[in-house]
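Have a look at the structure below before the remarks.
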Amino acid sequence: MRLRALLIILMALASLRLTAGVSNLRTYPFNGWLHASGTNLYDSSNHPVRLLSVNQSGAEYGAGLPYENATNPAQFGGYQFPANIEYAHLSNWGFNSIRLLLAWANLEPNPPAVSNQTVSHAYNPNYLTLVDNTISNFASHNLSVILSLHQHSFSPVFTNSDKAGHGLGMPIWLYYNATNSSYLTVGGYPLTNSNTSRLVAEKYFFGEPPDGYPAGIYPVICSNCPSQSAASLGFTNAGYNVQDGYNDAWRFLAARYSNNPAVIGADLFNEPPNDKGLRLSSFYALLGSNIHTANSNLLLICQDSGSESTNLVGILTPKPNPPPVSNLVYSIHIYVGQWANVINAISNSFVTNYGAYAFLTNYQAPSVRWNVPLWVSEFEEFDTNTVFNTDDMELMMQYCRA
């Protein structure tokens, strides 16, 4: 996720050229849940649907408190929800869906209680009320919602290398003792607020510890509680672990909105690391199964790992089969600065700075091979020296419409 990219489509619509190009296109509104059939999406009346979406950012930041009440926003940040004026604007501009960014750190700011090998969660009622109201406000303006239990730089306790601030996503109590302001350990190794610590924590979340680190998925939240995910992913460590907690948070959200057809999808994990050893397909299969246990109507959006200008092959891309989940949508992010590939003028040969065209054509291939829809849920705004590149944006919009 890049903050500037969240405004990308709004910026595009501000362009007269783009507005003229899309204003005469008929946008089919839809009501209720969607289902995937082949590479297309359909509504309950079997009308084809194309998701025209905007990322709604703000509620993914923080560690349980709104920004105005956060005791130390410079350290952990705080969440914010949209202003009333946004709902009508987004609907009037022709969008039909919102990717609503949330965070487990805000949903469960305190660790769960444990009794008799049972883990009990106390999810944040103040945060949930705001989420409920936001979804209701979008729905009242004919905007469906795709939930993203978001992460970037993994947790507020870690330094965000992109913006030299805090990260977002996983609860701080997994890695930080607020009582004495000390960092906890992962796999027995001490954590500090650094980029290296973040990478260690991220690898342990997926059960892929770095070389020399103990095996397993850490931290273990409850050592004598049965794990949900470890055995399914091929690990033997005992105890209810961080991935189990993430599964529970997702299942809770899916159940909460199981009777609300305005909530149409779950974007399972934002920007997974580009680690070729990652068991990403197995992770999506387990998490997707848990979510569909609570709400079988949701689209399960599985994002591949490649998003930067040198990653034309993600973790999922080379696999002959898609993640084994139903109602699957394959997703990518594209963070490159131009539409076409950059050419080295001296040697007249391609360099490794690929453009969005190469990304779209390359990552469309597994979507077609697997016969599932493709969704580009974030992409670069194509700027040149901070000036919005209207020509490149128009080329991308034409390609996506086609």
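Because only heavy atoms are used, hydrogens play no part in the values below, and waters and symmetry mates are left out as well, while side chains stay in.
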| note | Output for pair (L298 CG, W33 CH2), nearest 0.5 Å, gives 8.0 Å
| request: Just say parallel, tilted or perpendicular for the rings of F81 and Y79, cut-offs at 30° and 60°. | output: perpendicular
| Plane angle bin for Y240 and H121 - parallel if under 30°, tilted between 30 and 60°, otherwise perpendicular | tilted
| task | State, with a plain yes or no, whether a side-chain heavy atom of E271 is found less than 4.5 Å away from one of H150. | result | no
| query | Between F206 and F283, is a ring pair (Phe, Tyr, Trp, His ring centres under 6.0 Å) present by the stated rule, with each step listed? | reply | CA-CA 8 Å; F206 286 104; F283 168 73; 5.1 Å; yes
| task | Find the distance between NE2 (H89) and CG (N84) and round it off to the nearest 0.5 Å. | result | 11.5 Å
| Taking H35 as the fixed residue, which of N46, N40, N327 is the one that meets the side chain to side chain donor-acceptor pair (under 3.5 Å) rule? | N46
| task | Could you walk me through whether F382 and F388 pass the ring pair (Phe, Tyr, Trp, His ring centres under 6.0 Å) test, one step at a time? | result | CA-CA 6 Å; F382 303 130; F388 182 56; 8.3 Å; no
| Hey, do the aromatic rings of Y330 and W370 have their centres closer than 6.0 Å? | yes
| When rounded to the nearest 0.5 angstrom, what distance separates CG in N55 from CG in L100? | 10.0 Å
| request: May I ask you to decide if the ring planes of F154 and F205 are parallel, tilted or perpendicular, using 30° and 60° as cut-offs? | output: perpendicular
| message | Please determine whether ring pair (Phe, Tyr, Trp, His ring centres under 6.0 Å) holds for the pair Y284 and F269, giving the CA-CA distance in whole Å, both sets of side-chain angles, and the decisive distance to 0.1 Å. | response | CA-CA 9 Å; Y284 284 146; F269 193 90; 7.8 Å; no
| task | Please check if the distance between the ring centroids of F252 and Y123 is under 6.0 Å. | result | yes
| Inter-residue atom distance C225.SG - N116.CG, 0.5 Å rounding | 9.5 Å
| request: Would you check if the distance from the ring center of Y175 to the ring center of F158 is below 6.0 Å? | output: yes
| said: Just verifying a value: how many Å separate K319 NZ and R369 CZ, rounded to the nearest 0.5 Å? | reply: 11.0 Å
| message | Could you measure the distance from the CG atom of D244 to the CG atom of L286? Nearest 0.5 Å is fine. | response | 8.5 Å
| field | Residue list, side-chain hydrogen bond (donor to acceptor under 3.5 Å, both in side chains) with S331, at least two apart or on another chain | value | S377
| message | Y363: which residues meet the ring-ring contact (aromatic ring centres under 6.0 Å, His included) condition with it, sequence neighbours left out? | response | F359
